[in-house]
Amino acid sequence: MSAAAIDISGTHPGSGSGNDDLQLTEDLEELASEWTQLESAGIGNPYHGFLWCKAFQNTLGTAERSRPLIALLRSAGRPALLLPLSLFTKNGVRVLTFLGARIGNQNTGLWDKAYYEAVGPEAIRNVLHQLCQKSNADCIDLQNVPCQWTGRPHPLVLGNAQLSPNPLYRGSVTGTFEDVFKTLHSKSARKNLTRKQRHLQDAGGYEIRVCQQPAEIEAGLEAFLEQREARAQITGVPNAFSSPEAKAFLRQATQSPALSVTPDKMSAPLKIWTLSVSTQIRATYMCARDGGTLHAYSNSVAHDEFLKNSPGLVLIREIVEKICADPDTKTLDLGIGEEHYKTSWTRPEPMCDSRYSRTARGKIYSAVQTAKTRLKSRIRNSDRLWPMFKKLRQMRASGN
């Protein structure tokens, strides 16, 4: 299904144009120019960027036999909305989901600013219907979409939306670091974290680095992978990057030469921040940038003699201090899922799951998924059930 155009002229109230069309393609390269144009001039998130999606499809997507389906809406001949999607079949039901959703943090799509501000619910439902119809999908499953995003309710949050099990953690970094640190941390917490940082510095060889050269990137990536695997063995938390395909994805996403396909998008989607003590990497954080936001994607910490001084928390402190000094960075995004280090610097923002069904089979699938999401939310938000779940996970990892 390459370059299939759908005529939806005149069906977008509030879009500012009566001449809109929707193009679907399985070929990511076919839309590279307009895709990167929306990335540069529009609004979106790094997990829907061209290079990110290409890295996923080249590795994890290929292993999963994911069938990509990239949807580009043009309004008056200009790109207005791009949705990177994937089509799969489960129990005979054909479902559209966001491409690479399981390794991303949130799903927003890429939007032209004016179109995003003007588009209404009827227009969006029509786009979703046409997507399902042309791809012969039974439904489209839109998970982890911010309820509120860049000044308005997100257009992909439909009338049947339910809260996602996990919120998104975001916070402003427009003040000085001293002001941000003081506002978000008590006096004792500030003293404790500063003391830990000093202990690490006193050990010698203390260095914060954003990996740039290939050898640095490889060293940072190897440290990340080793530390994540060790954590999985200790805590029972599954390591999302344990498979060869996941490791290949990270290599492509962190090394620019493998992804330099368009002249205006030469940098890799992910940059690796590292904290070293005594010549060894003790903590890492993979980060991406989009507009004025730093997206802290995934981190790791060494379980060694320096763990008592929390090198992971100290690295986050260093990252916040540096982006507070950067006038181009306004927001810190720590992704979805509650963790103590996230609540120390950011505040939760609700996410939503929405489903649009075209057929009876799609409606059944949506009902089942809605029930599953409700159960996950109940467990995740229960003071009794969630600690029990984590304890069982840890026992299973230790073999007890």
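All values below were derived from every heavy atom in this structure, side-chain atoms included, with hydrogens, water molecules and symmetry-related copies excluded. Owing to the predicted nature of the structure, the values given are computational and were not obtained by experimental measurement.
Val173 and Leu193 fall within the same hydrophobic cluster, defined by Ile, Leu, Val, Met, Phe, Trp and Tyr side-chain heavy atoms under 4.5 Å apart, directly or through other members. Both Val119 and Tyr356 are assigned to one and the same hydrophobic cluster, defined by single-linkage of ILVMFWY side chains at heavy-atom distances under 4.5 Å. Under the 4.5 Å side-chain contact rule for hydrophobic residues, Val95 and Phe98 do not share a cluster. Under the 4.5 Å side-chain heavy-atom criterion for Ile, Leu, Val, Met, Phe, Trp and Tyr, Val320 and Val210 are members of the same hydrophobic cluster. The cluster map of Ile, Leu, Val, Met, Phe, Trp and Tyr, joined by side-chain heavy atoms under 4.5 Å apart, puts Trp52 and Trp273 in different clusters.
For His48 and Asn107, the side-chain atoms include at least one donor-acceptor pair closer than 3.5 Å. Side-chain contact check for Arg374 and Gln162: no donor-acceptor pair (N or O, by modelled atom type) lies under 3.5 Å. Side-chain contact of Arg358 with Gln133: a donor-acceptor pair under 3.5 Å is absent, judged by distance alone. A side-chain donor-acceptor contact under 3.5 Å links Ser310 and Lys196. If you check the side chains of Gln23 and Glu30, you find a donor sitting under 3.5 Å from an acceptor.
The two atoms that bring Ala219 and Ile281 nearest to each other are O-CD1, 3.8 Å, heavy atoms only. Residues Ser354 and Ala161 share a closest heavy-atom pair of OG-CB, 3.3 Å. Listed here is the closest heavy atom pair of Cys211 and Thr274: SG-CG2, 3.8 Å. Between Ile319 and Cys287, the closest heavy-atom pair is CD1-SG, 4.4 Å. Shortest non-hydrogen contact noted between Ala288 and Leu270 is CB-CD2, 4.1 Å. Of all the heavy atoms in Ala246 and Ala240, the pair that sits closest is CB-O, 3.6 Å.
We find that Lys342 and Glu338 are not joined by a salt bridge, their nearest charged nitrogen and carboxylate oxygen being 4.0 Å or further apart. Here Glu222 pairs with Arg251 in a salt bridge; the nearest charged N to carboxylate O distance falls below 4.0 Å. With respect to the salt-bridge test (charged N to carboxylate O, under 4.0 angstrom), the residues Arg289 and Asp326 qualify. The pair Asp304-Arg282 meets the salt-bridge criterion, with a side-chain N (NZ, NE, NH1 or NH2) lying under 4.0 Å from an Asp/Glu carboxylate O. Asp141 and Arg355 are joined by a salt bridge, as a carboxylate oxygen and a charged side-chain nitrogen come within less than 4.0 angstrom of each other. By the 4.0 Å N-to-carboxylate-O rule, Glu34 lies too far from Arg78 to be salt-bridged with it.
For the atom pair CG of Leu22 and CG of Leu24, the computed distance is 5.0 Å after rounding to the nearest 0.5 Å. Between atom CG of residue Leu168 and atom CD of residue Gln106 there is a gap of 4.5 Å, rounded to the nearest 0.5 Å. Atom CD1 of residue Ile208 and atom CD of residue Glu318 lie 4.0 Å apart, to the nearest 0.5 angstrom. For the atom pair OG of Ser278 and CG of Leu200, the computed distance is 9.5 Å after rounding to the nearest 0.5 Å. Asp202 contributes atom CG, which lies 10.5 Å from atom CD of Gln197 (distance to the nearest 0.5 angstrom). Taking CD1 of Ile43 as the reference point, atom CH2 of Trp111 lies at 8.0 Å (rounded to 0.5 Å).
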For this session: Apply salt bridge (Lys or Arg N to Asp or Glu O under 4.0 Å) to the pair Glu178 and Lys182, showing each step before the final yes or no.
Result: CA-CA 6 Å; Glu178 290 74 17; Lys182 186 175 181 179; over 6 Å; no

Problem set entry | Evaluation steps, side-chain hydrogen bond (donor to acceptor under 3.5 Å, both in side chains), between Ser242 and Arg228 | CA-CA 8 Å; Ser242 61; Arg228 292 281 295 200; over 6 Å; no

For this session: Test side-chain hydrogen bond (donor to acceptor under 3.5 Å, both in side chains) on Thr176 and Asp179 and set out the steps.
Result: CA-CA 5 Å; Thr176 66; Asp179 289 342; 3.1 Å; yes

For this session: Would you check, one step at a time, whether the test salt bridge (Lys or Arg N to Asp or Glu O under 4.0 Å) holds for Lys372 with Asp353?
Result: CA-CA 12 Å; Lys372 286 182 177 179; Asp353 294 354; over 6 Å; no

For this session: In sequence, state the C-alpha distance, the side-chain angles, and the governing distance for Asn299 and Gln227, and then conclude on side-chain hydrogen bond (donor to acceptor under 3.5 Å, both in side chains).
Result: CA-CA 9 Å; Asn299 59 1; Gln227 292 167 11; over 6 Å; no

Exercise. Taking it one step at a time, do Ser300 and Thr284 satisfy side-chain hydrogen bond (donor to acceptor under 3.5 Å, both in side chains)?
Worked result: CA-CA 5 Å; Ser300 71; Thr284 74; 2.6 Å; yes

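Lys330 is not listed as a side-chain neighbour of Thr293, based on a closest heavy-atom distance of 4.5 Å or more. For the pair Thr36 and Glu39, the minimum side-chain heavy-atom distance is below 4.5 Å. A 4.5 Å side-chain heavy-atom check between Pro46 and Pro269 finds every atom pair outside the cut-off. With a 4.5 Å cut-off on side-chain heavy atoms, Leu72 and Leu38 count as touching.
For the pair His154 (side chain) and Thr108 (backbone), a donor-acceptor distance under 3.5 Å is present. With hydrogens and angles ignored, the 3.5 Å screen pairs no side-chain donor or acceptor of Arg231 with any backbone N or O of Val301. Proximity of a side-chain donor or acceptor of Arg94 to a complementary backbone N or O of Asn136 within less than 3.5 Å is detected. A donor-acceptor pair under 3.5 Å is formed between the side chain of Glu216 and the backbone N or O of Gln212. Formation of a donor-acceptor pair under 3.5 Å by the Thr25 side chain with backbone atoms of Asp27 is found in this model. Without hydrogens or angle criteria, Ser276 side chain to Thr279 main chain gives no donor-acceptor distance under 3.5 Å. Formation of a donor-acceptor pair under 3.5 Å by the His199 side chain with backbone atoms of Asn309 is not found in this model. With hydrogens and angles ignored, the 3.5 Å screen pairs a side-chain donor or acceptor of Gln57 with a backbone N or O of Ser66. A donor-acceptor pair under 3.5 Å is formed between the side chain of Asp112 and the backbone N or O of Tyr115. The closest donor-acceptor contact from the side chain of Thr183 to the backbone of Val180 lies at 3.5 Å or more, if one exists at all.
Residue Arg65 qualifies as open at atom CZ: its count of foreign heavy atoms under 6.0 Å is 12 or below. A 6.0 Å sphere centred on CZ of Arg190 holds more than 12 heavy atoms belonging to other residues, nucleotides or ligands. Within 6.0 Å of NZ on Lys322 lie more than 12 heavy atoms contributed by other residues, nucleotides or ligands. In Asn91, the CG atom is not crowded: 12 or fewer heavy atoms of neighbouring residues, nucleotides or ligands sit closer than 6.0 Å.
The aromatic ring centroids of Trp345 and His340 lie 6.0 Å or more from each other.
When each of Thr97, Leu99, Leu131, Ile70 is checked for a side chain to side chain contact (heavy atoms under 4.5 Å, CB included) with Leu85, only Leu131 meets the rule. Of the residues Phe241, Tyr285, Tyr297, the one that meets the ring pair (Phe, Tyr, Trp, His ring centres under 6.0 Å) test with Phe224 is Phe241.
Geometrically, Arg67 does not engage Phe88 in a cation-pi contact, judged by NZ or CZ lying under 6.0 Å from the ring centre and within 45° of the ring axis.
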